[in-house]
J.: 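Structure incoming, see below.
All values below were derived from every heavy atom in this structure, side-chain atoms included, with hydrogens, water molecules and symmetry-related copies excluded. Everything numeric in this text was worked out from a predicted model, so none of it was measured. As the structure lists them, so they are numbered: ligands from 1, and atoms in each ligand from 1.
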Amino acid sequence: MPKASKEERADIYRNHRVQLLLSKFMSGELSKLEPVYDPKFGYTYPIVEKIVGDAPSANELLKQLFEAGVLKRSLFDKFVRCLHCGSANISVHYCCPYCKSFKIEKSSLIEHVPCGYIDAEERFQKQGELVCPRCHKAFTKLDVDYIKAGAWCTCSECGKSFDIPVVSHFCRDCHREFTFEEALYKDVYSYSLSEDVMQEAALSWTLIAPIKEFLENCGFRVKSPGFLKGKSGTSHMFDVTASRGGKGQNITVIDLAASTGDIVPEQTVIAMFAKVYDIVPDRAYLVAIPKMSKDGKKLAKLYKIKLIEAKDYNEAIKGLKACIKNSFTEETFSQSSHKREQA
Ligand SMILES: [Zn+2]
Ligand SMILES: [Zn+2]
Ligand SMILES: [Zn+2]
């Protein structure tokens, strides 16, 4: 399956329309997005159309989300479209293989078991009963004294009979006919959310969007994900980076670690420290949902990474905001006292 990078997906999650659609999956309102039949377009996704405006945009968005690995898809149906006008309002014509006319009569081939006579059903019909034309016995029970031996067609145009017709299509909109070879045969999919994306997406906007907004209101330039080059020359990615003042000044880095279990492992602290050691930001925050392991807590303290534990996203945002505000007042205080000392 094609998959976008974490950065590309983060970009996708920032799209408000994507957020609206994915939130339907994440809230449980939608577990599977199934198409709804529409004679004009074949199939449509009304839920997506409501978000993006029209059917072509809805298809475009779903394709983009599938290609990025955000949505999974499975084949739901196939449908025929008119090669002349594109309509999906198509009927099937079974035609005579000899003269191609669709004016054919379809019946069943019947075999009278005792005498072995086989013919089309109508040849057996006699005053509302089925009677064998060869031995003149009346039929009693299907599959006992007579059996259906397949389909049998007769062409009203050329009079020939056959068992397998050729398929042709008739467009109910433009009234033109086209063959199976000419038909546009399209896939239609149902969609569901990739499990591994669920958490990533949840983090990306339920957590990152409000953090970003808060930092921007505080006068920071914010990137998510943000890339910073360290002393070693290596570029490191953080879930959020924020800077204020001149280039490379007053840098805040934030990483988020959510565990589906009870405890976030200390490896997340170690991984963040490796980056922080190289970057040397002014402030480093690690948000652990719901709880950091004991060793992780010790390490964070040792590495001077400010740890925010929160049982859910709302608590995480609150905790982070409080921490950042706190550090501002401390800094402002030290700056102003520094100024007073200078004066
Ligand atoms: Zn047509
Ligand atoms: Zn018979
Ligand atoms: Zn014919």
J.: Hydrogens and angles aside, do Arg134 and Tyr117 bring a side-chain donor and acceptor to less than 3.5 Å of each other?
T.: no
J.: Kindly compute the distance separating CG (Leu30) from CG (Leu22), expressed to the nearest 0.5 Å.
T.: 10.0 Å
J.: Can a side-chain donor-acceptor contact be found between Ser190 and Glu34 if the only test is distance below 3.5 angstrom?
T.: no
J.: Do the side-chain N and O atoms of Glu177 and His169 include a donor-acceptor pair separated by under 3.5 angstrom?
T.: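 Side-chain D/A pair, Glu177 to His169: absent.
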J.: List-wise, which protein N, O or S atoms are found short of 2.8 Å from the Zn ion (ligand 2)?
T.: His112 ND1, Cys115 SG, Cys132 SG, Cys135 SG
J.: Indicate whether any N or O donor in one side chain lies under 3.5 Å from an N or O acceptor in the other, for Asp145 and Thr140.
T.: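 Indeed, the side chains of Asp145 and Thr140 share at least one donor-acceptor pair under 3.5 Å.
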J.: Can you list, by chain and residue number, the hydrophobic cluster partners of Val166 when the side-chain cut-off is 4.5 Å?
T.: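 Once heavy-atom contacts under 4.5 Å are chained together, Val166 still belongs with nothing else.
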J.: When you compare the side chain of Ile305 with that of Phe273, does any pair of heavy atoms fall below 4.5 Å?
T.: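 Yes, close enough: below the 4.5 Å cut-off.
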J.: Distance under 6.0 Å and angle within 45° of the ring axis: does Lys78 meet both against Tyr185?
T.: yes
J.: How close do Phe220 and Asn250 get, heavy atom to heavy atom, and via which atoms?
T.: CE2-O, 3.8 Å
J.: Ignoring waters, how many N, O or S atoms from the protein are under 2.8 Å from the Zn ion (ligand 3)?
T.: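 Considering protein N, O and S only, the Zn ion (ligand 3) has 4 within range.
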J.: Parallel, tilted or perpendicular: which one describes the rings of Phe139 and His112, with boundaries at 30° and 60°?
T.: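 Taking His112 first and then Phe139, their aromatic rings lie parallel (interplane angle under 30°).
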J.: For the Zn ion (ligand 1), report each protein N, O or S atom nearer than 2.8 Å, sorted by chain and then by residue number.
T.: Cys82 SG, Cys85 SG, Cys171 SG, Cys174 SG
J.: Flag the pair Cys158 / Cys96 as yes when at least one side-chain heavy-atom distance between them is below 4.5 Å, and no otherwise.
T.: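 Yes, close enough: below the 4.5 Å cut-off.
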J.: Measure from NZ or CZ of Lys72 to the centre of the six-membered ring of Tyr189 and say whether it is under 6.0 Å with the direction within 45° of the ring axis.
T.: no
J.: Do Glu266 and Ser293 pair up side chain to side chain, a donor and an acceptor below 3.5 Å, judged on atom types alone?
T.: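 The answer is yes; a qualifying pair exists.
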